[in-house]
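The next block holds one structure in the form of C-alpha cells; read it before the comments.
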2 protein chains.
Amino acid sequence: MPVTIRDVARASGVHVSTVSRAFSAPHLVNPDTRSRVLAVAEGLGYRPNRAARALTTGRTHNFGIIVADIANPFFPPLIKAAQAHARSRDYNVFVADTDEDPQVEEEVIQTLSKQVDGVLLCSPRLTNKAIERLREEVPFVVVNRRIRGMPTVLMDVGQGASLAVRHLTELGHRRIALVSGPAGSWTSKAMHEAVATAGADAVFLGPNAPTEQGGITAAADVIASRVTGVLAYNDLVAIGLIEGLSERGVRVPEDVSVIGVDDIVAGRLNRPKLTTVSMPAAAAGRVAVDMLLQAVDDVAAATVTTLETSLVVRESTGRART
Amino acid sequence: MPVTIRDVARASGVHVSTVSRAFSAPHLVNPDTRSRVLAVAEGLGYRPNRAARALTTGRTHNFGIIVADIANPFFPPLIKAAQAHARSRDYNVFVADTDEDPQVEEEVIQTLSKQVDGVLLCSPRLTNKAIERLREEVPFVVVNRRIRGMPTVLMDVGQGASLAVRHLTELGHRRIALVSGPAGSWTSKAMHEAVATAGADAVFLGPNAPTEQGGITAAADVIASRVTGVLAYNDLVAIGLIEGLSERGVRVPEDVSVIGVDDIVAGRLNRPKLTTVSMPAAAAGRVAVDMLLQAVDDVAAATVTTLETSLVVRESTGRART
DNA sequence: ATACTTCCTGCAACCGGTTGCCGTGAGGAG
DNA sequence: CTCCTCACGGCAACCGGTTGCAGGAAGTAT
C-alpha cells in the first residue's frame, strides 16, 4: 500500500535506479529528469524508506541514547539537546531506559546495535569489560564516566566542587562537609578528590542515597559534624538536607550554607532557592552527538571532552556567622 | 564484518532459510537441526538484523513517541513507562521532541513513519486535519487530546478538577478561582467545564503561561478576586502562584488554599507541599502502548480510554477561615 | 508393493532501496 | 567526417532477512 521507489519509477517512465539517484546523488542525473521525478514523487507522496536504505549503505541514520532513568530530572535536558542536534543532522534517536539494571542495559544495546550507527551511554552501569566487549558491535560515546580508550564526554564535577568550596570559603566558612552519594560512582570520587584538595577543613559524610530522603537522613550527621557549609551530592540531596535541617531547627542559609549539584528545576523552585553547581547537560548532549557522528566514519577516534561546570549562586548560601 | 544469517548457514551446513526458521518459526524445523543451528549462531555471536527483517515482514518492532517538550516534567514518567512496557513486548522506541513546533512535529512523523509500526502522539500541536492526513501513513495513538475516530488515551482532568473543587468546598471555601492555562488547549477546556458545573461560586482567571512565571503573575488577579480557594492549571503555575501570593503577604494555606495539577516532583519538594491532582502518566504510557500494539494488526479499532485522576492532599490546602 | 501423509529442508523470489558497470547518443576536437 | 569524451540512465546484483512452493525421506494405510 505505501508507495515505493518502483511506483515512482513507473509513474515517471524511468528506471528505479534513476529515481534513487534523483534523491541521493543529484549530480548524476539530468536536472530536467530529476525535477520531473521529484514532482512525480511529491505527487505520489513518496518517502524513501530509511530502513531499506540502511541495508545497502550500512548507515541507519539512527542513534541510541541509553540512560539509567529517564525520570531522573538530570537526563531530560541532555536527551532533548542530543535529540534536537541529531535531528538537525538528519538522525533519529532511540531512547532506552535501563532502570539502573546492567543486565537490561546489555540487552538493550544488543537489540539496538544493528539499527543504529552509534550509541550514547549515559552514566552506564555495566562493567568496563562488558562495555569494551560490546564496543565491537556498535560505536559508543560515553557520558559521565571514564573508560580508557573510549570517546568520552565528561562534565567536570571536580572543578564544580572546587568552585563550590571556594564560594563557601569566600563567605567565611572554615569547616565544610561533603554529603556524598552512592559509594564508588565516578561522580562521588571526583567530588571527594576535589574537596579534599581544595584547602578547607573538610569532613566527608556518606555514602547516602542520591535522593531527597538521603538528604533528610544526612541532616543529623551534618549537625553533629558542626560544619557551617555543605556541598551535597546533588540537588535532590541538598533539598532533602535543607528540609532535614529545618525540621531540627537549623536554618539555611543563616546557620548553615548548602550547595547542590545539577541545577534541576526543583532547586530553582525550592525555598530558599538553591545555590548549585550547574551541569552543562545540553552542551554535553550536543557534543556527544558530534562525537558520535565522527565515530561513525572514523572508528579510531577516542577523544575525551571535558565540559566546564559553573556555580549558580542563589539563596541557600550566605556569609558565615563570625 | 558483522555476522549474517548466511555465515551461520555456511558454518552449520544448512540453507539460510533453515537458519531463518530456526529463529522465527521453530516448529517448522527439526529439534536437532534447530539446536545445532542455534549453537553455531551463539558461537558466532549472530544477532538477527531487525531492520532487514522488517523489510519483508512489514513489522519494524519499533514505536515512536512524540512529545512537545521532553524537559517538561510531566512527560518523562510517561515516556519511561511506555518504553518499559514496549520493551517487554520486544519493541524499541524512538523519542522525538518537537519543541512545541507543529511544523517539526509533522516532519518528525514523516521521517519516522517508515521505521515504526505506530506512533504515540502526546498532546500534539498539529491541527486535526493534519493528523487525519498523516494517519494514512502510520497508525497513531493520541494521548491527552480528543480527536474523532482515533485511538485515544485521556487523563480525566475534568474529573480531577471536580475532585479538587469538592475538596475545597468540603474545607468550607465558597469562592473559588480557576487559574487557567493557555487558551484553547484541551486541558483548559475540560477544567473550565468541570469547575463551572461543580456547583461552587467560581471565577475564571486567565489565560496564563503554563509556567511558574505565569503563576507569579496571576497572584495579583487572585487577590483582587477575593477567593479563598484556587485550582491552578498545573503544578508549576501553582508553585508560582504560591510564591506570588507570599510576596504580597498572602499565606498558603492559612489565607488561601491552592491546588495544582500533574503531581510533579517539584510539588512534593515545595514548601508548603503542594496539594495536587495526580495524573496517571505511567498508566497512560502503558495503556497507549497496548493500544498501539492492537492498532498494529487491527487498523480499525478506535477506542477511547479514559484514566481516572486522583487528588493528593498535602499542605497547600486548609480549612477556610470562618 | 502402491498410494497418501507428514515432516523437514532447499530453492528462489521478494521486501525497498543502492551502486558498479556498461551502452547510448550528443557534443567537441581534429 | 571521424574519433573521443562524457553525461546520462538502464541493467542487474546485492544488502539481510522471510516465505510460498516443491521435493525427498520416512511413516502409515490399503
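Each chain gets a letter, A, B and so on, in the order the sequences are listed, and its residues count up from 1.
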Sugar-phosphate, base or nothing in reach of A:Arg21, heavy atoms under 4.0 Å: base

Nucleotide C:dG23, atom C1' - distance to NE2 of A:His15 in whole Å: 14 Å

Residue among A:Leu78, A:Asp69, A:Ile66, A:Asn144 satisfying side-chain contact (heavy atoms from CB on, under 4.5 Å) with A:Cys122: A:Leu78

Sidechain-backbone polar pair: A:Gln115 side chain, A:Thr111 backbone, donor-acceptor under 3.5 Å: yes

Flag if over 12 foreign heavy atoms under 6.0 Å of CD, B:Gln103: no

Separation of C:dT19 P from A:Leu28 CG (nearest whole Å): 10 Å

Touch class at under 4.0 angstrom, heavy-atom based, for B:Arg34 against every strand present: nothing

Validation row, ring centre B:Phe23 to ring centre B:Tyr46 under 6.0 Å: yes

First of A:Ala52 and B:Val29 reached from the 5' end of DNA chain C, by closest nucleotide: B:Val29

Sugar-phosphate only, base, or nothing, as touched by A:Thr4 at under 4.0 Å among non-hydrogen atoms: sugar-phosphate

Sugar-phosphate only, base, or nothing, as touched by A:Arg50 at under 4.0 Å among non-hydrogen atoms: nothing

Sugar-phosphate only, base, or nothing, as touched by B:Thr18 at under 4.0 Å among non-hydrogen atoms: sugar-phosphate

Test item: B:Ser113 side-chain N/O and B:Gln110 main-chain N/O as donor-acceptor pair under 3.5 Å: yes

Test item: A:Asp117 side-chain N/O and A:Arg59 main-chain N/O as donor-acceptor pair under 3.5 Å: no

Outermost DNA chain D nucleotides near chain A [under 4.0 Å, heavy atoms]: D:dC8 to D:dG16

Short side-chain donor-acceptor distance under 3.5 Å, A:Arg146 and A:Asn128: no

Sugar-phosphate only, base, or nothing, as touched by A:Ser17 at under 4.0 Å among non-hydrogen atoms: base

Sugar-phosphate, base or nothing in reach of A:Arg59, heavy atoms under 4.0 Å: nothing

Touch class at under 4.0 angstrom, heavy-atom based, for A:Tyr46 against every strand present: sugar-phosphate

Sugar-phosphate only, base, or nothing, as touched by B:Val19 at under 4.0 Å among non-hydrogen atoms: nothing

